[in-house]
Undergrad: 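Following this message is one structure expressed as structure tokens.
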Protein chains: 2
Amino acid sequence: MFSDLCDTVGMSAGSLRARVRSEMSLEIKEVARRRLAVDGGNLSLRAVARDMGIVASALYRYFPSRDALITALIIDGYEALGTAAADAQAAVPRDDLRGRWLAVCNAVRTWALAHPAEYGLLYGNPVPGYAAPNDTVAPATRVVLLLVDILVDGAERLEPVPTAVPERVRTDLRRLIDQQQQRDLPEERLDRVFIGWTHLFGLISFECFGRLDIMFEARAEYFDHHMALMADLAGIPR
Amino acid sequence: MFSDLCDTVGMSAGSLRARVRSEMSLEIKEVARRRLAVDGGNLSLRAVARDMGIVASALYRYFPSRDALITALIIDGYEALGTAAADAQAAVPRDDLRGRWLAVCNAVRTWALAHPAEYGLLYGNPVPGYAAPNDTVAPATRVVLLLVDILVDGAERLEPVPTAVPERVRTDLRRLIDQQQQRDLPEERLDRVFIGWTHLFGLISFECFGRLDIMFEARAEYFDHHMALMADLAGIPR
DNA sequence: AGCGAACGAGAACGGTGTTCTTGACCTCAG
DNA sequence: CTGAGGTCAAGAACACCGTTCTCGTTCGCT
């Protein structure tokens, strides 16, 4: 999206100017991520600029506003998270459905615990006054699509799942299936994916936001236990 | 906690001063809640003061800092949410276990959708630089305790639940059971309560933070569908 | 009746995001 | 090779923000 910006400003794509410009954008985001990790959710442009030995207004050459920078961080975050999950899954044999399911879940948890502030950006409170632009919805779907892939891949080996899904919910599911061109995915199976997806991020948010701190010590086992149950619900054989 | 403050400052408990003081505190919180509902997560003391026709520094007579005001709002929020859930459950016949379960879940969802900014305060990102004081943990447990109550009340009518719970998780559960003096609650049953509890807030956070907006239209049915499944998992008979 | 505490106003400090102007620099066309 | 135009960082400025402090005023209790 910011490469677009370069073009609109009238810089030829491969020019040296454009290269240092994009490197500068990368460094700004990198420093911002570090600040985010240190300070928590409130990102200060002036602090980022200070860390770079630069004045705050200079950042506006690269990002039109603080929200734009945050948006870029969010997109990068979704992509990093999606990549981490995809890589973890790729390391598991393709026919080990349960292994892939748990690998994805654990990768998401690991990434979230390693980048709590970024995770909060992605899955916590919407930033006030800030409406997530459409650019964020595509990267945001990567994790759930990974889960879908697992069930599509192993379709014939899955255990049957109850078909009782409320009619209007089934309609929504049908629409989503059509949008994603996954014609051979039954609604009740996608339903179970969404149940696992909801639970995955519900539990990680609880852990990441500190709600389990005083309750559970064996948080890794607790997480695996939950996600194994979700795999059961999705009909993934043991 | 702020009545304590009054005492420490040296005001006799029932005095007129103390009364107008506590009324003032109430009004500040009320105005702050309205601001929160309008502006979203970022609460501005100056805006609150402006709404009250008062100067910002005057607020410091009643709350020692912005964090303290937010803490008060959080505690009030937990209590309002807990009360809403308890009231909804009380309106259902005591032996209708599933009805009570769904009533609690729906009450939480309804409250969250009616007070999204407050819900974000309670269950979203931890406020940056702000560590939840211990005063908030007790009110925060009310909802899950309501769910526990349902299963304890109907213990003999519940369907059996798999006893396979990882050892270290079982230890955590055992400790929680002892802390809450619920000696007759099996670990695997409490486990299922926590699964439902996690899913409840996971799904509501998704909905409240807008993650379901473009995916599901039948959100109420979707929610009921999920929570009914959680009731199944907890062994609540149909 | 008078003392002292609580109060609200206001100024001040250091922080924030954002805008605008200014001057230096680089790149490319003539 | 020179000049024009675009890009850049800097800095001042503006309007906010939380917080602290000081200053009269007010008001309740003894």
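Letters A, B, ... mirror the listed sequences (proteins, then strands); counts begin at 1.
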Undergrad: Which class fits the ring pair B:Phe201 and B:Trp197: parallel under 30°, tilted 30 to 60°, perpendicular over 60°?
TA: perpendicular
Undergrad: Output yes when at least one side-chain N/O atom of A:Arg46 is less than 4.0 Å from OP1 or OP2 of C:dT18, else no.
TA: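 So the side chain of A:Arg46 is outside the cut-off, no N or O lying under 4.0 Å from OP1 or OP2 of C:dT18.
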Undergrad: With a cut-off of less than 4.0 Å, is there a side-chain N or O of B:Tyr62 near OP1 or OP2 of C:dG8?
TA: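 Answer is yes, contact under 4.0 Å.
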Undergrad: As a quick check of understanding, evaluate salt bridge (Lys or Arg N to Asp or Glu O under 4.0 Å) for B:Lys29 and B:Asp76, giving each step before the final call.
TA: CA-CA 9 Å; B:Lys29 290 193 289 185; B:Asp76 285 5; 2.9 Å; yes
Undergrad: May I ask you to decide if the ring planes of A:Tyr222 and B:Phe194 are parallel, tilted or perpendicular, using 30° and 60° as cut-offs?
TA: perpendicular
Undergrad: Can you find a side chain N or O atom of A:Arg66 that sits less than 4.0 Å from OP1 or OP2 on C:dG17?
TA: yes
Undergrad: Is B:Ser57 side chain donor-acceptor paired with the C:dG10 base, going by distance under 3.5 Å alone?
TA: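 In this structure, the two groups form a donor-acceptor pair.
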Undergrad: Which part of the nucleic acid does B:Met52 contact within heavy-atom distance under 4.0 Å: base, sugar-phosphate only, or nothing?
TA: nothing
Undergrad: Please determine, for the side chain of A:Met24, which listed nucleotide (D:dA9, C:dT18, D:dT20) has the closest atom?
TA: D:dA9
Undergrad: Do the side-chain N or O atoms of B:Ser44 get closer than 4.0 angstrom to the phosphate oxygens (OP1, OP2) of D:dC16?
TA: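 For B:Ser44, the contact criterion (side-chain N or O under 4.0 Å from OP1 or OP2 of D:dC16) is not met.
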Undergrad: With rounding to the nearest 0.5 angstrom, report the CZ to OG1 distance, A:Arg168 to A:Thr171.
TA: 8.0 Å
Undergrad: Rounded to whole Å, please give me the gap between OH in B:Tyr60 and P in C:dC13.
TA: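 It works out to 17 Å between those atoms.
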Undergrad: By the 4.0 Å heavy-atom rule, please label A:Leu43 as base, sugar-phosphate, or nothing.
TA: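 Since only primed, P, OP1 and OP2 atoms lie under 4.0 Å of A:Leu43, the category is sugar-phosphate.
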Undergrad: Starting at atom CG of B:Leu45, determine the distance to atom P of C:dG8, rounded to an integer number of angstrom.
TA: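 Rounding to the nearest Å, CG of B:Leu45 and P of C:dG8 are 15 Å apart.
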Undergrad: At less than 4.0 Å, is any side-chain N or O atom of A:Arg50 found next to OP1 or OP2 of C:dT16? Yes or no.
TA: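 For A:Arg50, the contact criterion (side-chain N or O under 4.0 Å from OP1 or OP2 of C:dT16) is met.
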